[in-house]
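The chains referred to below are lettered A, B, ... by the order of the sequence lines, with proteins before strands, and numbering in each begins at 1. Only heavy atoms go into these numbers, but all of them, side chains included; no hydrogens, no water, no symmetry mates.
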Amino acid sequence: MRYSELLLPTLKENPAEAEVVSHRLLLRAGFIRKLTSGVYSYLPLGLAAIRRVENIVREEMNRAGAQELLLPMVQPAELWRESGRWAKYGPELLRFSDRHQRESCLGPTHEEVITDLVRMNVHSYRDLPLNLYQVQTKFRDEIRPRFGLMRGREFIMKDGYSFDADEAGAEITYKKMYDAYQRIFKRCGLKFRAVEADTGSIGGSFSHEFMVLADTGEDTIVACRGCDYAANLEKAAGTEPEKDDVALLELEKVATPGKKKVDDVCSFLGITPENLVKTMIYIADDAPVAVLVRGDHEVQEVKLANLTGAVDVRLATDDEINAHTGVPAGFLGPVDLNVPLYADREVMAMANFVVGGGAADIHLKNVNPGRDFTPEAVADLRTVTVADRCPRCGAEFDFVRGIEVGHIFKLGTSYSDAMKARFLDRDGREQVFVMGCYGIGVSRIVAAAIEQNHDDDGMIFPLPLAPFKVALLNLALKDEEVTAACEKLYDDLEAAGIEVLYDDRNERPGIKFKDADLIGLPYRLVLGKKFPESGGIEVRTRRGESFSLPYDGAVKIIAERIAGELAATMAD
RNA sequence: CGGGGCGUAGCGCAGCCUGGUUAGCGCGCCUGCCUUGGGAGCAGGAGGUCGGAGGUUCGAAUCCUCUCGCCCCGACCA
């Protein structure tokens, strides 16, 4: 492509609306423009980068036995009522009525549509397993869209859905998708990690998130230094605590006037937070529950939600605490508490600890579980800390930041049950499909790639995702010899199948260098006024390597290097 | 939805507090000259319902009310 003919409006200054680096660079480099909040137009280079991702995704999905189709974006409300999500999904689902007052919505995801399609057309175990996917624009009316392509309301997603005859088949399909995802992100040239994840509101039994590692990521990943265990912060667990065998001391009431905070109580009583248990009141779907965790630990609300089965879990306000327990906040304790009590498993391993006394200005010392109180349930209910160790191998954890770009779920039969999607098995019996779903944020990957790979001058595209592999700069446009050499080089590169952006604009060298850096193509070839004398092409990679090549044979060498780098991303 | 902030040329901003005659600056854009290895220089030029509506006033970008849009901080998710 000739730069002179390309719509590539680069910006010298940072747009005020862009906070994060990928958003800033995508705007500055002329990849995207905002239409309205969370909705972007993809300009030619932005689209080219997206196409690179899509193609890798398609190749690997097809290789894994999935078939591409394209489902409608507008979906009827009936389907969502059938699955129960019309009521459950909330305002993120953009709803509207058509001219006949038929209720409809824009698809934020396509479980209903695909389940409907399959139940209407697949009736036999002989047609299973079936794995279908699409690459499509999704719309979710996000509460707060932000960070450009990172969290738009409209975004491009690959979503896939599998249908198996039984659990065992679904497990195999899940594993296949897991492997395909590993290949996809490797081929994108990104540093990433698959982590165990909470299944969240989509439901299901098992789930992995694929995270692109970047300091600016919104999610925290807990990764083991010793083995390949990794999980997101909501899911991560440490080792099972071991109970010390110590003599139980006698329960003792102590006055702690005005000491509400953990730190205040500890310094007042001369203990450390490890010897104190705090009692937190949460509102789980309108019902109060109490949670016990060690003084220096934090309740993980997602774990609590899973234990209680509640959709919404939040910390109670001081007024709510008082109303439900009759105890002022700060002095709550598990002894004689009148709301359902859950304990983090760590608490059960502790002995002779301090808790709130169940009345103002009183705490209890030498409290012991089993003797002084008995929780309704014990579970891992807290967020892991740096002090925790890997549950698999006992090694230390690293906490790193990541951007979620893929998520795979074993769905089970929740949708097929709700929507009566059934087939006949070998014995002629009706069975429901066992489903899985598999998402990849295609447009988000482009943002994540930039977030992970950039410097002060601009983007640094991983080769497989670069909209062009090579930038060819003609710095002496009026020199006929140089221009002729550039033109030929441009043609030869294209003929060799290398996408090249030929900067043939009548601009000063500085502008061409700056734009090339900003766009971040992997290879930059420069021909200037020195060329007729030297006969050499100056090559510089966007990561800083530079060398020169003789004009003749340069295309072959570049082509080989590129082929070699691409092959490396494909290797197992 | 709660909290904070911003809407003035394609982009970045000043002007507003303390109302006043033609609304400014930098970048970008157009023309010409000149220049050509890291966002040059000179000269000329185009481009604005000051987000919108209403009000106060002799007079509103500026003050008041309402409204729309956008951005940032918290609860969702690819």
Side-chain angles (χ1 to χ4, degrees), chain A residues 9-20 23-24 27-28 30 33-39 53 57 88-93 108-110 135-160 181 185 197-202 207-212 218-219 232 234 301-302 305 311-315 402-409 437-448 457-458 473-479 482 505-518 524 526-531 538 540:
Chain A
T10 58
L11 267 26
K12 196 180 280 188
E13 289 172 274
N14 279 325
E17 69 184 51
E19 195 76 4
V20 300
H23 189 195
R24 237 176 12 234
L27 287 167
R28 278 195 57 204
R33 286 294 182 264
K34 188 180 69 184
L35 210 218
T36 182
S37 178
V39 178
V53 177
V57 169
K88 261 202 297 200
Y89 213 94
E92 204 169 279
L93 183 64
T109 175
H110 284 70
V135 176
Q136 206 224 27
T137 296
K138 295 280 188 278
F139 192 93
R140 293 182 190 172
D141 202 354
E142 291 279 345
I143 297 160
R144 186 154 88 84
R146 60 186 133 169
F147 304 154
L149 294 191
M150 208 78 112
R151 186 183 294 276
R153 295 149 83 208
E154 198 177 281
F155 57 98
I156 298 173
M157 178 171 167
K158 187 285 296 182
D159 50 325
Y181 272 46
F185 296 113
D198 185 76
T199 49
S201 58
I202 296 186
S207 170
H208 282 88
E209 286 174 352
F210 288 78
M211 315 287 286
V212 167
E218 287 186 90
D219 299 306
N232 66 21
E234 287 78 40
E301 295 182 11
V302 172
V311 174
D312 181 51
V313 166
R314 63 174 176 82
L315 210 50
I403 300 163
E404 184 187 353
V405 290
H407 203 159
I408 59 179
F409 294 88
C437 78
Y438 317 95
I440 291 183
V442 171
S443 43
R444 181 182 277 184
I445 285 178
V446 174
D457 293 317
L473 310 195
N474 180 349
L475 298 191
L477 206 66
K478 288 178 182 148
D479 184 317
V482 172
R505 294 174 301 167
N506 182 21
E507 294 287 357
R508 301 165 58 81
I511 289 176
K512 297 192 177 191
F513 285 131
K514 289 290 185 192
D515 278 334
D517 288 346
L518 181 60
R524 189 187 76 188
V526 174
L527 275 73
K529 64 183 179 200
K530 285 181 281 186
F531 172 74
E538 298 163 54
R540 190 180 170 86

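- In this model, the phosphate group of B:C11 is not approached by any side-chain N or O of A:K12 to a distance below 4.0 Å at OP1 or OP2.
- Using a 30° and 60° split on the angle between ring planes, A:F409 and A:H407 fall in the parallel class, below 30°.
- Side-chain contact between A:T10 and A:L518: present, with at least one pair of heavy atoms (C-beta onward) separated by less than 4.5 Å.
- With distances taken from any side-chain atom of A:E13 to the nucleotides B:G26, B:C72, B:G69, the minimum falls on B:G26.
- When distances are taken from the side chain of A:D515 to each of B:C70, B:G39, B:C1, the shortest belongs to B:G39.
- A donor and an acceptor atom sit less than 3.5 Å apart, one in the side chain of A:E538 and one in the base of B:G37.
- Base pairing of B:G69: its partner is B:C6, meeting the Watson-Crick or G-U wobble criterion (both donor-acceptor distances under 3.5 Å).
- OP1 or OP2 of B:G74 has at least one side-chain nitrogen or oxygen of A:R146 nearer than 4.0 Å.
- Out of B:C13, B:C76, B:C72, the shortest distance to the side chain of A:A16 is found at B:C13.
- For the pair A:N506 CG and B:U36 P, the computed distance is 13 Å after rounding to whole Å.
- Across all strands shown, B:G44 pairs with B:C30; the Watson-Crick or G-U wobble distances both stay below 3.5 Å.
- A stacked arrangement is assigned to A:F155 and the six-membered base ring of B:A78, with a centre-to-centre distance below 5.5 Å and an interplanar angle below 30°.
- Under the Watson-Crick or G-U wobble criterion, with both distances below 3.5 Å, B:C16 has no partner in any strand shown.
- B:A23 makes up no base pair with any nucleotide shown, lacking Watson-Crick or G-U wobble contacts both under 3.5 Å.
- B:A14 and B:U31 have their P atoms separated by 32 Å, given to the nearest Å.
- A donor and an acceptor atom never sit less than 3.5 Å apart when one is taken from the side chain of A:R140 and the other from the base of B:C76.
- For A:R28 and B:G28, a side-chain-to-base donor-acceptor distance below 3.5 Å is absent, hydrogens and geometry of angles not being considered.
- Dashed line: the shortest gap from a side-chain N or O of A:S37 to OP1 or OP2 of B:C71 is under 4.0 Å.
- Nucleotide B:G39 is matched to nothing when pairs are restricted to Watson-Crick or G-U wobble geometry with both distances under 3.5 angstrom.
- Here the separation of B:G54 from B:G10, taken at their P atoms, is 24 Å to the nearest Å.
- For the side-chain contact (heavy atoms from CB on, under 4.5 Å) with A:I445, the qualifying choice from A:I440, A:I156, A:L149, A:V212 is A:I440, the only one to do so.
- Interface remark: the A:R144 side chain does not form any donor-acceptor pair with the B:C76 base, using a distance-only criterion of under 3.5 Å.
- Considering only side-chain N and O atoms, A:T36 lies under 4.0 angstrom from the phosphate OP1 or OP2 of B:C70.
- Between the base of B:G39 and the side chain of A:R505 there is no donor-acceptor pair shorter than 3.5 Å.
- A straight line from CZ of A:F513 to P of B:A40 spans 13 Å, rounded to a whole angstrom.
- Taking only side-chain nitrogens and oxygens, A:K512 never comes nearer than 4.0 Å to OP1 or OP2 of B:U36.
- Contact annotation: side chain of A:K478 to base of B:U36, donor-acceptor pair present below 3.5 Å.
- Taking side-chain N and O atoms only, A:R508 has a distance below 4.0 Å to OP1 or OP2 of B:A40.
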